[in-house]
Amino acid sequence: MAFIYEEVARTFNEYLLVPGYSSSECIPDKVSLKTPLVKFKRGEEPAISLNIPMVSAIMQSVSGPKMAIALATEGGISFIYGSQTVEDEAAMVKKVKDYKAGFVESDSNLAPNMTLQQVLDLKAESGHSTMPVTDDGSAHGKLLGIVTSRDYRVSRMSPDELVSSFMTPRDRMIVGKASTTLKEANDIIWDERLNALPIVDDDDHLMYMVFRKDYDSHKSNPLELLDQHKRYIVGAGINTRDYEKRVPALIEAGADVLCIDSSEGFTEWQKITLAWIREHYGDSVKVGAGNVVDAEGFRFLAECGADFVKVGIGGGSICITREQKGIGRGQATSLIDVTNERNKYFEETGIYIPVCSDGGIAQDHHMTLALAMGADFLMLGRYFARFDESPTAKVNVNGSFMKEYWGEGSARARNWQRYDMGGKQKLSFEEGVDSYVPYAGPLKDNVAMTLSKIRSTMCNCGSLTIPEFQKKAKLTLVSATSIVEGMPHDVLLKDSSGTSTVSFR
């Protein structure tokens with residue numbers, strides 16, 4: 001008969017952290033969330049570290065260029081989804097690497113024959129009052145002028161008046177050349193008392209805009225994750241089928257790290273893929289592998305050369321692998337088992353391989369529990385899908401704003417490579433669903449709140465770094481009634497309008 005584990009497979013909800021001694025020095029502002037992304041030898045520094053332990057999932061509905069830029073600004077990293085053509089994925093990676101912090105591609109542009117009413121409509125739509133005027137009205141047309149709120153007075157002008165009649169013309173503008181650095185651009189803005197500086201090429205075509213307000217924004221993001229050339233760090237997903245074509249294209253586009261995107265990583269397919277990458281690139285290309293749920297799976301991928309290992313099968317909010325196939329393991333139990341093996345491997349070899357917890361996180365405090373259980377960082381799908389920066393549509397569902405969110409194993413994504421076991425090149429049956437998640441607004445505000453909770457909890461446990469937290473953390477199992485006790489109970493709750501609503505627990 002089958003081998004049967006004696007222990008129950010548990011989830012994050014079944015654990016609580018027990019507070020430890022906190023000194024007067026242990027305050028949230030002093031907590032560092034820096035954590036390794038890729039493997040390193042004892043006594044050395046990892047080639048890539050994260051400034052926050054959060055990465056966005058390799059999913060169509062989560063990780064595009066906009067998400068990658070926003071998350072890298074906060075100190076994390078996105079893995080651009082691989083369930084698209086090689087050319088399209090490489091183009092997304094390149095877009096992130098080509099993005100210059102502080103250099104903004106204008107999304108509110110005018111043509112000289114547009115009217116004041118069109119200016120007002122565009123301002124209402126975008127919220128931007130500074131609009132470059134180009135010969136064709138595009139973001140990279142020949143610069144002819146600029147319109148700001150100081151160039152017109154609605155009460156004294158006709159809505160039909162043309163932009164060409166009230167714009168500030170090109171010959172009265174101060175611009176920066178293509179070679180202008182961000183520091184030089186900001187110096188010009190301050191010296192000339194400008195609100196914005198257009199950057200043009202040698203033919204006077206608009207390239208970027210640099211805004212005065214972004215100077216403060218740049219200074220307010222001390223954790224942004226940059227490479228040695230001050231470009232945002234970005235990851236990309238690969239599969240075990242077209243890696244010979246996809247990997248070179250992604251490396252050429254500038255991807256800093258790759259990750260094999262698969263529902264199950266304990267396979268010869270991943271061994272072959274990792275061997276090919278090591279043969280052609282050595283250790284210069286960083287690549288994670290997974291997913292696994294036990295010590296044996298971790299040891300296999302570690303010996304195959306993975307730079308980090310992802311843990312979790314069937315725990316994602318849109319994943320139905322357990323329902324469809326009966327395969328998986330409770331995320332907390334999986335993580336504890338794998339991180340214990342990671343620590344043994346480190347003691348034996350002197351090589352530390354970071355572990356990524358992927359799935360099973362429904363609440364912010366689950367992230368802290370995952371870190372306490374040994375995870376070095378967390379891969380999140382549903383969490384990031386709720387934000388403005390995810391690539392999906394914001395829709396109104398029964399009066400509430402939602403964001404679309406679908407799994408890579410759904411009929412919508414049809415990412416057969418992720419679930420392929422060497423059969424026909426198609427998705428035989430679904431392992432994910434198509435759904436909605438509540439819209440939550442901008443990434444920056446939400447991530448800041450989540451990290452505040454993590455830092456505060458770490459201080460409750462007397463820890464100022466993630467390694468210290470993992471060493472000092474004490475976990476306890478909780479009963480079903482204990483979970484209820486931790487929620488509002490035996491009170492009369494108010495709704496958002498202040499009206500009392502009965503909710504006894």
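By convention here, the first residue in the shown sequence is residue 1.
- Between the side chain of Asn51 and the backbone N or O of Gly75 there is no donor-acceptor pair closer than 3.5 Å.
- The neighbour count for Met449 CE, taken as heavy atoms of other residues, nucleotides or ligands under 6.0 Å away, does not exceed 12.
- Residue Ala385 comes nearest to Val62 through the heavy atom pair CB-CG2, 4.2 Å, listed as atom of the first residue, atom of the second, then distance.
- At least one side-chain heavy atom of His366 sits under 4.5 Å from a side-chain heavy atom of Gln363.
- A donor-acceptor pair is defined here as one N or O able to donate and one able to accept, closer than 3.5 Å; such a pair exists between the side chain of Thr339 and the backbone of Leu335.
- Judged by the 6.0 Å distance and 45° axis criteria, Lys403 is not positioned over the aromatic ring of Tyr439.
- Pairing each heavy atom of Asp376 with each of Pro354, the nearest pair is OD2-CA, 3.2 Å.
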Do Lys245 and Glu87 pass the salt bridge (Lys or Arg N to Asp or Glu O under 4.0 Å) test, and can you show the C-alpha distance, the side-chain angles, and the key distance before you say yes or no?
CA-CA 10 Å; Lys245 180 180 179 183; Glu87 294 74 18; 3.6 Å; yes
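- Closest non-hydrogen pair, Ser49 versus Lys34, comes out as CB-CE, 3.8 Å.
- Separating the NZ atom in Lys472 from the CG atom in Leu17 is a distance of 14.0 Å, to the nearest 0.5 Å.
- Within the model, atoms CE of Met173 and CE of Met167 stand 9.0 Å from one another, a figure rounded to the nearest 0.5 Å.
- The CG atom of Leu206 lies 6.5 Å from the CE atom of Met209; values are rounded to the nearest 0.5 Å.
- Salt bridge annotation for Lys394-Asp388: absent, with no cationic side-chain nitrogen under 4.0 angstrom from a carboxylate oxygen.
- Salt bridge absent: Asp256 and Lys286 never bring a charged side-chain N and a carboxylate O closer than 4.0 Å.
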Under the side-chain hydrogen bond (donor to acceptor under 3.5 Å, both in side chains) criterion, do Tyr352 and Arg342 qualify, and how do the steps go?
CA-CA 7 Å; Tyr352 186 91; Arg342 183 267 319 277; 2.9 Å; yes
Full working for side chain to side chain contact (heavy atoms under 4.5 Å, CB included) between Leu143 and Val133
CA-CA 6 Å; Leu143 186 64; Val133 182; 5.9 Å; no
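- For the residue pair Thr148 and Ser129, no side-chain donor N or O sits within less than 3.5 Å of a side-chain acceptor on the partner.
- Side-chain N or O atoms of Thr73 include one that pairs as donor or acceptor with a backbone N or O of Ile69 at under 3.5 Å.
- Of the possible donor and acceptor atoms, one in the side chain of Ser23 sits under 3.5 Å from a partner among the backbone N and O of Glu25.
- With a 4.5 Å cut-off on side-chain heavy atoms, Val147 and Phe166 count as touching.
- Geometrically, Arg386 engages Tyr383 in a cation-pi contact, judged by NZ or CZ lying under 6.0 Å from the ring centre and within 45° of the ring axis.
- Side-chain atoms of Thr180 never come within 3.5 Å of backbone atoms of Gly176 as a donor-acceptor pair (strictly under, hydrogens ignored).
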Determine, stepwise, if the pair His140 / Glu105 fulfils side-chain hydrogen bond (donor to acceptor under 3.5 Å, both in side chains).
CA-CA 9 Å; His140 300 296; Glu105 189 173 293; 3.3 Å; yes
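- Using a cutoff of 4.0 Å between basic side-chain nitrogens and carboxylate oxygens, Asp203 and Lys142 are not scored as salt-bridged.
- Smallest separation of non-hydrogen atoms from Ala196 and Thr130: CB-CG2, 4.1 Å.
- Counted by atom type alone, Ser56 and Ser63 present one or more donor-acceptor pairs between their side chains at under 3.5 Å.
- Residues Ile454 and Met367 approach most closely at CD1-CB, 4.2 Å, considering heavy atoms.
- In this structure, Glu252 contributes its side chain and Ala90 its backbone to no donor-acceptor pair below 3.5 Å.
- Within the 3.5 Å criterion, the main-chain N or O of Cys459 finds no donor-acceptor partner in the side chain of Ser463.
- Note that CD1 of Ile233 is 11.0 Å distant from CD of Glu224, once rounded to the nearest 0.5 Å.
- The side-chain hydrogen bond (donor to acceptor under 3.5 Å, both in side chains) analysis of residues 37-48, with sequence neighbours excluded, yields no pairs.
- Rounding to the nearest 0.5 Å gives a distance of 11.5 Å between OG1 of Thr168 and CD1 of Ile174.
- Under the 3.5 Å distance criterion, the side-chain polar atoms of Thr115 are left unmatched by any main-chain donor or acceptor of Glu161.
- Put simply, the side chain of Ser126 gets close to the backbone of His128: a donor and an acceptor are under 3.5 Å apart.
- Side-chain contact between Leu443 and Glu74 is present, with at least one heavy-atom pair separated by less than 4.5 Å.
- Of the inter-residue distances, the one linking Arg193 atom CZ with Asn195 atom CG reads 12.0 Å to the nearest 0.5 angstrom.
- The pair Asp261-Arg246 fails the salt-bridge criterion, with no side-chain N (NZ, NE, NH1 or NH2) lying under 4.0 Å from an Asp/Glu carboxylate O.
- Closest heavy-atom contact between Leu197 and Leu194: CD1-CD1, 4.1 Å.
- Remark: aromatic rings of Phe377 and Phe308 are close, center separation under 6.0 Å.
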